[in-house]
Student: 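My questions all concern the structure below.
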There are 2 protein chains.
Amino acid sequence: MPDSLRRFKADIFQALAHPTRIAIIDLLATGELSAGDLMERLGMEQANISQHLAILRAKKLVTNRKSANKVFYSVKDPLIIEVLAIMRKYFQNNLKESHELLHELDSAHSEVTP
Amino acid sequence: MPDSLRRFKADIFQALAHPTRIAIIDLLATGELSAGDLMERLGMEQANISQHLAILRAKKLVTNRKSANKVFYSVKDPLIIEVLAIMRKYFQNNLKESHELLHELDSAHSEVTP
DNA sequence: TCCTTATATTCGAACATACGAATATAAGGA
DNA sequence: TCCTTATATTCGTATGTTCGAATATAAGGA
């Protein structure tokens, strides 16, 4: 297993390592949506969504198509959706540890106020 | 798809988003190895390997077992190995874009010297 | 042309991650 | 007990990521 393959995988995982980007891919899994649709469904800042889309584009996880003044995005390879499905299964396989992890994620954020 | 599941997935992907940690999981895929074994096979600093192992432990991707003064690590759930296998398939499915990505990764590092 | 809508990019601040050097801990063995 | 081997943790620095605010671009429509 050459190091280049590992760097590639790490790079794709990095692109997937944000809840908003996972949400975008989840939404696109059922069909293409415009940037505005994604913005509306996720209820986030326009610039923020656009930045996350830029990352997904850079890593070639999504393709985009321009129609009039809208840009429609879709998932490029359904294998990525399969990866997300396996991760859901992983979550369920390890329910106990999964919930522990989530609690750590929560408390990590509220650690500011002791 | 609740947001907590997305945060969980993002967190696991974050843990996988480093070539060294992928290499560690690849090595552990065939059976348990000690921290020293990993250090030797990867030819990296002891502290660095130990830090990466700490991350994999924190995200419960690996388990460890102490025997005498050695610590043996193994992959906790083979589903993770399956995820890596799917990523390899993804790499092959998208050979053209994959190589483009790798070149961008390479040139991103040498951008210091124009 | 000017205006509006839709999307992208740039910038700076806050925060997170990665690394090696140094240090700490823990388990045997002499 | 002291020494050695194996592993973990802490610290400082460099680098990368995320966000919103502001700005830029691009395509119609009036």
Side-chain angles (χ1 to χ4, degrees), chain A residues 3 6-7 10-24 28 32-59 62-74 104-105 107-113, chain B residues 3 6-7 10-24 27-28 32-59 61-74 104-105 107-113:
Chain A
D3 187 61
R6 288 185 184 130
R7 281 186 297 133
D11 210 47
I12 300 296
F13 287 136
Q14 177 60 47
L16 294 172
H18 195 286
T20 301
R21 295 197 288 270
I22 296 196
I24 289 173
L28 295 180
E32 73 172 11
L33 290 172
S34 71
D37 293 338
L38 291 167
M39 189 186 116
E40 192 192 334
R41 300 240 211 157
L42 295 172
M44 304 187 64
E45 290 288 325
Q46 181 270 326
N48 196 0
I49 295 291
S50 192
Q51 285 163 2
H52 284 302
L53 286 171
I55 290 170
L56 293 173
R57 255 186 289 126
K59 303 307 167 60
V62 300
T63 52
N64 57 342
R65 164 179 87 76
K66 204 161 191 172
S67 172
N69 61 345
K70 291 193 178 183
V71 180
F72 289 91
Y73 283 88
S74 39
E104 283 160 27
L105 285 180
S107 53
H109 270 256
S110 54
E111 234 163 44
V112 191
T113 49
Chain B
D3 187 61
R6 289 187 184 127
R7 281 187 296 132
D11 210 47
I12 300 295
F13 287 136
Q14 177 60 47
L16 294 173
H18 196 288
T20 301
R21 295 196 288 269
I22 295 194
I24 289 174
L27 285 172
L28 295 181
E32 72 172 11
L33 290 171
S34 71
D37 292 339
L38 291 167
M39 188 186 117
E40 192 192 335
R41 300 242 210 156
L42 295 172
M44 305 186 63
E45 289 287 325
Q46 182 268 327
N48 197 359
I49 294 291
S50 192
Q51 284 163 4
H52 284 301
L53 286 171
I55 290 170
L56 293 174
R57 255 186 289 128
K59 303 307 165 61
L61 290 169
V62 299
T63 51
N64 57 342
R65 163 178 87 78
K66 204 163 191 169
S67 172
N69 61 345
K70 292 193 177 183
V71 179
F72 289 91
Y73 283 88
S74 39
E104 284 160 28
L105 285 180
S107 53
H109 269 254
S110 54
E111 234 162 44
V112 192
T113 50

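Please read all numbers here as calculations on a predicted model, not as lab measurements. Computed from heavy atoms alone, side chains included, the values below leave out hydrogens, waters and symmetry copies. In what follows, every chain begins at residue 1, and chains take the letters A, B, ... in the order their sequences are listed.
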Student: Pull out every stem in DNA chain D, meaning runs of 3 or more consecutive Watson-Crick or G-U wobble pairs with both distances under 3.5 Å.
Tutor: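 Detected stem regions: C:1-30 with D:1-30.
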Student: Base, sugar-phosphate or nothing for B/A47? Non-hydrogen atoms, less than 4.0 Å.
Tutor: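 B/A47: base contact, heavy atoms under 4.0 Å.
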Student: If you find the nucleotide of DNA chain C closest to B/Q46 and the one closest to A/S34, which residue's nucleotide is nearer the 5' end?
Tutor: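 By nearest-heavy-atom nucleotide position, the 5'-most residue is A/S34.
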Student: Is a donor-acceptor pair below 3.5 Å formed from side chain A/E45 to base D/dT18, judging by atom type as modelled?
Tutor: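 Not at all, since no donor on one side and acceptor on the other fall under 3.5 Å apart.
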Student: For B/H52 and C/dT17, is the shortest distance between a side-chain N/O and OP1 or OP2 below 4.0 Å?
Tutor: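 False: B/H52 side-chain N/O out of range (4.0 Å or more) of C/dT17 OP1/OP2.
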Student: Return the OH to CG distance between B/Y73 and B/L38, rounded to the nearest 0.5 Å.
Tutor: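 Answer rounded to 0.5 Å: 9.0 Å.
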Student: So, does A/R57 get its side chain near the phosphate of C/dT9, meaning an N or O under 4.0 Å from OP1 or OP2?
Tutor: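 So the side-chain polar atoms of A/R57 do come within 4.0 Å of the phosphate oxygens OP1 or OP2 of C/dT9, strictly under.
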Student: It should be established whether A/N48 places a side-chain nitrogen or oxygen under 4.0 Å from OP1 or OP2 of nucleotide D/dG20.
Tutor: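 The answer is yes; a side-chain N or O of A/N48 sits under 4.0 Å from OP1 or OP2.
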Student: Rounding to a whole Å, what distance do you find between B/L53:CG and C/dA18:P?
Tutor: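 In whole Å, C/dA18 P and B/L53 CG are 13 Å from each other.
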Student: Within the 4.0 Å heavy-atom criterion, would you say A/I55 contacts the bases, only the backbone, or no part of the nucleic acid?
Tutor: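 A/I55: backbone/sugar contact only, no base atoms under 4.0 Å.
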Student: Would you indicate, yes or no, if C/dA8 has its OP1 or OP2 atom less than 4.0 angstrom from a side-chain nitrogen or oxygen of A/Y73?
Tutor: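 The answer is yes; a side-chain N or O of A/Y73 sits under 4.0 Å from OP1 or OP2.
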Student: Pick base, sugar-phosphate or nothing for B/I49, based on heavy-atom distances below 4.0 Å to the nucleic acid.
Tutor: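 Contact class for B/I49: none.
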Student: If we only count heavy atoms from C-beta on, is the B/V62 to B/R57 side-chain gap below 4.5 Å?
Tutor: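 With C-beta onward as the side chain, the pair touches.
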Student: Before accepting this row, confirm whether a basic side-chain N of the pair A/D3/A/R7 lies closer than 4.0 Å to the acidic partner's carboxylate O.
Tutor: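 Looking at A/D3 and A/R7, the cut-off is met.
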